[in-house]
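Notes follow the structure.
In what follows, every chain begins at residue 1, and chains take the letters A, B, ... in the order their sequences are listed.
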Number of protein chains: 2
Amino acid sequence: MSEEHVFAPLVERWTQRFQLDDADCAAIRSLPHSERLLERDSYVVREGEASNNCCLLLSGFAYRHKLVRAGARQILSLHVSGEFVDLQNCLLGTADHNVQTLSRATVAFVPQAALLALAAARPAVGRAMWHDTMIDSSIFREWVVNVGRRDSVTRIAHLLCEIAVRLGAAGLAQDQSFILPLTQEQLADATGLTSVHTNRVLQALRRDGLISLSTRSLKVLDWHRLRELGDFNARYLHLETPRELSPA
Amino acid sequence: MSEEHVFAPLVERWTQRFQLDDADCAAIRSLPHSERLLERDSYVVREGEASNNCCLLLSGFAYRHKLVRAGARQILSLHVSGEFVDLQNCLLGTADHNVQTLSRATVAFVPQAALLALAAARPAVGRAMWHDTMIDSSIFREWVVNVGRRDSVTRIAHLLCEIAVRLGAAGLAQDQSFILPLTQEQLADATGLTSVHTNRVLQALRRDGLISLSTRSLKVLDWHRLRELGDFNARYLHLETPRELSPA
DNA sequence: CGTATTGTTGAGCGTAGTCAAAGTTAGTGG
DNA sequence: CCACTAACTTTGACTACGCTCAACAATACG
């Protein structure tokens, strides 16, 4: 991956949604950064650490999670390539959660100070960054609802819907088929269930002809019914272009 | 409440944490706004609505929530006076959740465009706003953990700890006592439990001498044990001066 | 003072958890 | 390329935490 293309997907995504001018784009492209290849399960951020760098995911998948005293893990969100994975920790001094790769991944670490300086110098870019973090926030809210008020089948179906839509939007799905980057244990940790129960729910979804799933490869066979079953409404993903707001 | 003091608590809070100069503060104070008194249970934002105003809570309490198809409600967060209650919806065009008052409240509605213009014109203020929303985000993450991976007693204890610390930080608690602005049904909706079970857990906490609670008035009797029981660590609140209820 | 809201109690049930073991797939090194 | 191992998935039997339903008590409030 050549240096000058590192930020290309990011610039493309942002220019589609926000009015970034050439200077904005150039400023993004000239951000200092160091590119790295991370093995699966590598920690990108550890809870309690001071964070000096922000991590942009160039390829692969990542997730956030937290541990409770009893030792259980709760996965907080999933991330696909093209996303900044810890703008969150960037603004708040110390990380309050862990970020880890789900797969082998390439990332670019960008010094926090450079990002904040860019946000201050180029308000349109700052707003794009803020906007991205607000979408993350919306997804957290939906996850609170998912683990708080939905039964196990609905919960799993909802999560699969979210993954299907987000991978689709990122161009990582064809014909309702995609690589599910999570083990059943990770699906369980994302939904607040046990891996045993998650396994049984997945079998039920297969039995009912909603999905086919084998070794990390998932195909949605009946999107309408899965969406219905999962009580899924994509609004919270805010995939549409945001309304244009011009400074007064 | 006189016009020029509407933003005073906000300016004070932000200047304590960020380096805002006089021009920044003046710009905040001169934000256009309309002040209103809202009765208890008033909607501030409704899911699906386009939002044109941001709501700053001047007094009273508010909460965010979402409904699932089955009709259950999940409370997503609580808000105390001095906080912007929907900077979230401000950046994203349409609201993805409801915001409602928990008590009679006074609020100031600020036009969204003015806020975004301010954020762009005065980067330090923009960063303060972004920072506030990132703390909300951190709290959402902790709530995902709370409802996803903690048992009922731990969950309720954790929520009570959060409320105690946040009300303490806002100067709304004295001597480990404060007004608990939630009914048991609302506590249940915040923790993903039923009101019946919440009632039983509260009784257990009273029986064990951790809290005393009667008609909306809660006193923490044993902060150390409650904190322990609730698996509570205030880091996620990112209070600069974590003013925890100290054991005398 | 009457009514609505909120809190409390009991009995029975069901969803999801626990524990343990076997089966399957993927990854690694010989 | 195969053998071996670790990781992941599946199954069964049993358990328990928290839910449901329903009635009643206490409190707030107009």
Side-chain angles (χ1 to χ4, degrees), chain A residues 39-42 63 68 70-75 100-104 146-160 179-207 211-218 229, chain B residues 39-41 61 63 68 70-75 100-104 146-160 179-207 211-218 229:
Chain A
E39 290 306 316
R40 189 180 183 223
D41 295 331
S42 303
Y63 69 115
V68 297
R73 176 177 63 170
Q74 177 65 46
I75 293 181
Q100 213 171 345
T101 56
L102 273 172
S103 63
R104 181 178 280 225
N146 206 38
V147 294
R149 285 293 185 220
R150 294 196 179 108
D151 67 25
S152 61
V153 175
T154 312
R155 240 184 261 189
I156 296 279
H158 189 280
L159 178 59
L160 295 182
I179 290 169
L180 182 72
L182 298 162
T183 65
Q184 292 187 5
E185 188 170 9
Q186 288 163 337
L187 282 172
D189 285 344
T191 49
L193 301 167
T194 58
S195 60
V196 171
H197 197 68
T198 298
N199 179 274
R200 289 174 173 138
V201 170
L202 288 173
Q203 288 178 55
L205 295 180
R206 283 186 281 221
R207 198 162 42 241
I211 60 170
S212 72
L213 169 64
S214 58
T215 38
R216 303 287 173 91
S217 174
L218 191 138
L229 187 66
Chain B
E39 290 306 316
R40 188 180 183 223
D41 296 331
F61 302 96
Y63 69 116
V68 297
R73 176 177 63 171
Q74 177 65 47
I75 294 181
Q100 215 171 344
T101 56
L102 272 172
S103 63
R104 183 179 279 224
N146 206 37
V147 294
R149 285 293 185 219
R150 294 196 179 109
D151 66 25
S152 61
V153 175
T154 313
R155 241 184 260 190
I156 296 279
H158 189 280
L159 178 59
L160 295 181
I179 289 170
L180 182 72
L182 298 163
T183 65
Q184 291 187 6
E185 188 171 8
Q186 288 163 338
L187 282 172
D189 284 344
T191 49
L193 301 167
T194 59
S195 60
V196 171
H197 198 67
T198 298
N199 179 275
R200 288 174 174 139
V201 170
L202 288 173
Q203 288 178 55
L205 295 179
R206 282 187 281 220
R207 196 162 44 241
I211 61 170
S212 72
L213 171 62
S214 58
T215 31
R216 303 288 170 89
S217 173
L218 192 138
L229 187 66

Minimum heavy-atom distance B/Leu182-B/Gln186, with the two atoms named: CA-OE1, 3.4 Å

Sugar-phosphate only, base, or nothing, as touched by A/Arg149 at under 4.0 Å among non-hydrogen atoms: nothing

Touch class at under 4.0 angstrom, heavy-atom based, for A/Arg155 against every strand present: nothing

Least distance between heavy atoms, B/Arg155 atom then B/Asn146 atom: CG-O, 3.1 Å

Along DNA chain D (nearest heavy atom to each residue), the more 5'-positioned of A/Arg200 and B/Val153: A/Arg200

Which residue lies more 5' along DNA chain C, comparing A/Thr215 with A/Arg150 via nearest heavy atoms: A/Arg150

Heavy-atom side-chain contact between A/Leu218 and A/Ile179 under 4.5 Å: no

Value rounded to 0.5 Å, distance of OG1 in B/Thr191 from CD1 in B/Ile156: 4.0 Å

Sugar-phosphate only, base, or nothing, as touched by B/Leu202 at under 4.0 Å among non-hydrogen atoms: nothing

Exam field: side chain A/Arg149 to backbone B/Arg73, donor-acceptor pair closer than 3.5 Å: yes

Sidechain-backbone polar pair: B/Thr101 side chain, B/Glu39 backbone, donor-acceptor under 3.5 Å: yes

Under 3.5 Å: donor-acceptor pair, side chain of B/Ser195, backbone of B/Ala188: no

A/Val196 or A/Asp151, whichever maps to the more 5' nucleotide of DNA chain C: A/Asp151

Axial bend angle, the helix from C/dC1-D/dG30 to C/dG30-D/dC1: five-pair end segments, nearest 10°: 60°

Backbone of B/Asp41 reached by a side-chain donor or acceptor of B/Gln100 within 3.5 Å: yes

Worked verdict on A/Leu187 versus A/Leu180 for side chain to side chain contact (heavy atoms under 4.5 Å, CB included): CA-CA 10 Å; A/Leu187 282 172; A/Leu180 182 72; 4.0 Å; yes

Sugar-phosphate only, base, or nothing, as touched by A/Arg104 at under 4.0 Å among non-hydrogen atoms: nothing

Residue from B/Val201, B/Thr194, B/Leu202 passing side-chain contact (heavy atoms from CB on, under 4.5 Å) with B/Thr198: B/Leu202

Nucleotides bounding contact with chain B, strand DNA chain C, heavy-atom threshold 4.0 Å: C/dT6 to C/dA11

Interface limits on DNA chain D, where chain A has a heavy atom under 4.0 Å of a nucleotide atom: D/dC8 to D/dA13

Side chains of A/Val68 and A/Gln74 in contact at under 4.5 Å (non-hydrogen atoms): no

